[in-house]
**Q** 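I'd like to ask some things about the structure below.
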Amino acid sequence: MSEASRPRDAFLEELRWRGFFQQCTDEAGLADLLARETVTAYIGFDPTADSLHVGSMLPIMGLVHLQRHGHKPIAIAGGGTAMVGDPSGKTELRQLLTVEQIEANLRGIKAQLARFVDFGEPGLADLPHGPVVQAGPDNRGILLNNADWLADKNYIEFLRDVGRHFSVNQMLARDSVKTRLEVGLSFIEFNYMILQAYDFYVLNRDHGCRLQMGGNDQWGNICSGVDLCRRLNQQEVYGLTFPLLATATGAKMGKTAAGAVWISPERTSPYDFFQYWVNVDDRDVSRFLRLYTLLDRERIEELEALEGADIREAKRALARAATALVHGPEAADAAAKAAVALFVGGGDESTVPGTAIDPGRLAGAGLELLEALTETGLCKSKGEARRLVRQGGVKVNDAVVADETRRLTASDVADGRIRLQLGKKRHHHLVPREAP
RNA sequence: GGGGGGGUUCCCGAGUGGACAAAGGGAACAGACUGUAAAUCUGUCGGCGAACGCCUUCGGUGGUUCGAAUCCACCCCCCCCCA
């Protein structure tokens, strides 16, 4: 990319106005570097599950912006470091994963990352739409597993080559360690920052990586890596962190009562994903528009100007854009339509989450409603389902159910489905279908 | 290795022989109010059951007792101090 088309710190500027910028090891130095050349930067992702969730979307978007500005992203799936467990931001010892779990998780995560970043490998992504960024030949992304260079490391050798550059005094002073000192920190976790620093060193050495980004809880680990690169490679490298997000009510980003909001459509349906964004707190809309969509600044500011009930329009735009990023524009449209159908009335409800049931169970006396509610996972137990009914929180085909012994029969089926509603906004369809 | 303090229901945290499915708070859920928001108010918040009730739970395993989250023994785990 030519000098002219790369304003001095367009990337940093975008991170700043969008709210990605928390702190940087050397802002001026990094800005100069970004202006001079195509910079290779990396972010690590923990394969703690087979899918990423909304919480990981922030760093992912960091890579997206990086690549959009012509720089080269590296995503590390931490197959090696996951063996150890990062103590940062955790209050207690993390459960160690087995090698098999980690490998299975890596496969899922890699495919998801490829939805966002162009790794130049067409077969990689499992998404219907392409990566949201199109890269040129010099800034295609790289996807690596740090197990490749960590797994076979010899302990003694590692201690001598890498360990001697670490000061325990300094490690103890890191916030990530300090906060854990009171509740306990195992030696294996204590080592995590060394491994992460080593990642940075390897990436710098082998891929010319000059920047590591991550959540602010990674600051200590990132600084360790910057130091290590300086010592071992005599290279000036940089670190930049994103803020740790909480919602306006103080909850962790991307968590709902039902658990995390996942990127995988199997774990969180596109409809539920869309609803997550529609239901965010008013106070979060502006930040989220900036962080989780690629809408341009002008459009976002327009949406931010909305007040009162009109904020819902901004939420819909947010939901539409975020869902389109993760599940593709078609899925986003379908989810939006389903939402209109359910909350406004009329229209296409086909993407409302549903469960197939054997039509035979609706014959005769039919199926107990309470049972249907637990079987579909809408309620954890029949007790909970019963409670809901007693409180007037259950509707079948838009009619409040007063009778907790209510049974569902074939006569409840309309348009090929029985429509269940819990509370004001949880919708689910029961679809009679022969089991295969 | 020695001494001290702990492990309670989703989380925090009371409870030290029966009235305990276990105070209180938070989270969560439902209802009212609203804008599929927030705040507020009300209710619910282990499982089964229409209900009387029954069953499972207080780190683990045994024991004492008519009866144990509460007492005893051993074990596991965590924190602090000393070595």
Side-chain angles (χ1 to χ4, degrees), chain A residues 87 90-96 177-190 246-261 269 271-289 303-304 306-320 322-323 335-347 349 351-353 368-371 373-375 377-396 398 400-407 419-428:
Chain A
K90 312 275 189 313
T91 53
E92 52 196 43
L93 176 63
R94 191 163 79 180
Q95 207 187 334
L96 293 178
V177 173
K178 231 191 307 184
T179 55
R180 285 292 299 279
L181 245 26
E182 282 153 37
V183 285
L185 175 74
S186 71
F187 183 67
I188 186 172
E189 292 179 287
F190 185 59
T247 63
T249 49
K252 239 186 187 164
M253 185 62 208
K255 297 274 182 184
T256 65
V261 178
S269 71
Y271 169 79
D272 287 325
F273 188 87
F274 183 92
Q275 284 300 312
Y276 173 77
W277 298 103
V278 169
N279 283 306
V280 300
D281 193 294
D282 281 9
R283 295 166 289 180
D284 289 326
V285 177
S286 160
R287 282 192 309 159
F288 289 0
L289 278 168
L303 292 166
E304 285 169 344
L306 296 169
E307 287 177 10
D310 290 339
I311 291 175
R312 283 177 302 166
E313 193 192 317
K315 290 182 185 178
R316 280 191 292 269
L318 167 64
R320 173 70 182 65
T323 308
K337 272 186 201 146
V340 169
L342 291 173
F343 292 101
V344 181
E349 296 187 10
T351 59
V352 174
E368 202 184 358
L369 172 64
L370 300 183
E371 204 175 315
L373 291 175
T374 51
E375 249 179 61
L378 293 169
C379 293
K380 282 201 221 41
S381 64
K382 291 176 82 173
E384 185 182 317
R386 179 174 292 119
R387 225 175 282 134
L388 258 170
V389 172
R390 282 181 188 170
Q391 292 177 131
V394 177
K395 288 180 189 168
V396 172
D398 296 320
V400 176
V401 176
D403 175 14
E404 52 192 270
T405 63
R406 173 79 148 85
R407 304 185 78 90
R419 305 167 60 242
L420 301 175
Q421 182 180 348
L422 279 76
K424 284 187 181 59
K425 48 193 178 195
R426 284 154 69 205
H427 297 268
H428 199 91

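We use all heavy atoms of the structure for the numbers below, so side chains are in, but hydrogens, waters and symmetry mates are not. All chains are named by letter (A, B, ...) in the order of the sequence lines, taking the proteins before the strands, and each is independently numbered beginning at 1.
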**Q** Using the C1' atom on both, measure B:rU42 against B:rC48 and round to a whole Å.
**A**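 Those two atoms are separated by 28 Å.
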
**Q** B:rG46 phosphate, OP1 or OP2: any side-chain N/O from A:S381 under 4.0 angstrom?
**A**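 Negative; the distance criterion is not met.
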
**Q** Start at the 5' end of RNA chain B and walk down; is the nucleotide closest to A:R387 or to A:E384 reached first?
**A** A:R387

**Q** Between A:R426 and B:rA28, does any side-chain N or O lie under 4.0 Å from OP1 or OP2?
**A** no

**Q** Taking only the C1' atom of each, what is the distance from B:rG35 to B:rA69 in whole angstrom?
**A** 47 Å

**Q** Can you confirm whether A:L369 sits close enough to A:L420 that some side-chain heavy atom of one is under 4.5 Å from a side-chain heavy atom of the other?
**A** yes

**Q** How far does the P atom of B:rG60 sit from the matching atom of B:rC77, given to the nearest Å?
**A** 15 Å

**Q** Can you tell me the pairing partner of B:rA30 across any strand shown, Watson-Crick or G-U wobble, with both distances under 3.5 angstrom?
**A**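 B:rU42 - that is the nucleotide pairing with B:rA30, both distances being under 3.5 Å.
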
**Q** Would you compute the distance between atom NE2 of A:H428 and atom CG of A:L422 and round it to the nearest 0.5 angstrom?
**A** 9.5 Å

**Q** Between the protein and nucleotides 52-57 of chain B, which nitrogen or oxygen pairs come in under 3.5 angstrom?
**A**
none

**Q** Got A:K382 and A:L373 here, is their nearest side-chain heavy-atom distance under 4.5 Å?
**A** no

**Q** Between B:rA68 and B:rG53, how far apart are the two C1' atoms, rounded to whole Å?
**A**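 These two C1' atoms come out 22 Å apart once rounded.
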
**Q** Tell me, do A:R419 and A:V352 make a side-chain contact under 4.5 Å, heavy atoms counted?
**A**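 Counting from C-beta outward, A:R419 and A:V352 never come under 4.5 Å.
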
**Q** In Watson-Crick or G-U wobble terms, both distances under 3.5 Å, what is the partner of B:rG1?
**A**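 WC or wobble partner is B:rC82.
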
**Q** Are any non-hydrogen side-chain atoms of A:W277 and A:R320 less than 4.5 angstrom apart?
**A**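 Not touching, per the 4.5 Å side-chain cut-off.
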
**Q** Got A:C379 and A:L370 here, is their nearest side-chain heavy-atom distance under 4.5 Å?
**A**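 Of all side-chain heavy-atom pairs linking A:L370 with A:C379, none is under 4.5 Å.
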
**Q** Determine the Euclidean distance between corresponding P atoms of B:rU44 and B:rA51; express it in Å to zero decimal places.
**A**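 To the nearest whole Å, 15 Å.
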
**Q** For B:rU70, give its Watson-Crick or G-U wobble partner with both distances under 3.5 Å, or none.
**A** none

**Q** In whole angstrom, give me the gap between the C1' atoms of B:rA28 and B:rC81.
**A** 41 Å

**Q** Roughly how far apart, to the nearest Å, are B:rG5 and B:rC72 at atom P?
**A** 13 Å

**Q** Could you check if a side-chain atom of A:E404 sits within less than 4.5 angstrom of a side-chain atom of A:R390, using non-hydrogen atoms only?
**A** yes

**Q** Below 4.0 angstrom from OP1 or OP2 of B:rA50, is there any side-chain N or O of A:R406?
**A** no

**Q** Assign A:R386 to base, sugar-phosphate, or nothing according to its heavy-atom contacts below 4.0 angstrom with the strands shown.
**A** base

**Q** How does protein contact run along nucleotides 31-41 of chain B, one letter per nucleotide 5' to 3', with B for base contact, S for sugar-phosphate only, - for none, heavy atoms under 4.0 Å?
**A** SS-BBBBS---

**Q** What interatomic distance, in whole Å, is found between C1' of B:rA30 and the corresponding atom of B:rA14?
**A**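 Each nucleotide's C1' atom is 28 Å from the other's.
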
**Q** Find out whether A:L342 and A:Y271 are in side-chain contact, i.e. whether some heavy atom of one side chain is under 4.5 Å from a heavy atom of the other.
**A** yes

**Q** Under 4.0 Å between a Lys/Arg side-chain N and an Asp/Glu carboxylate O for A:K395 and A:D398?
**A** no

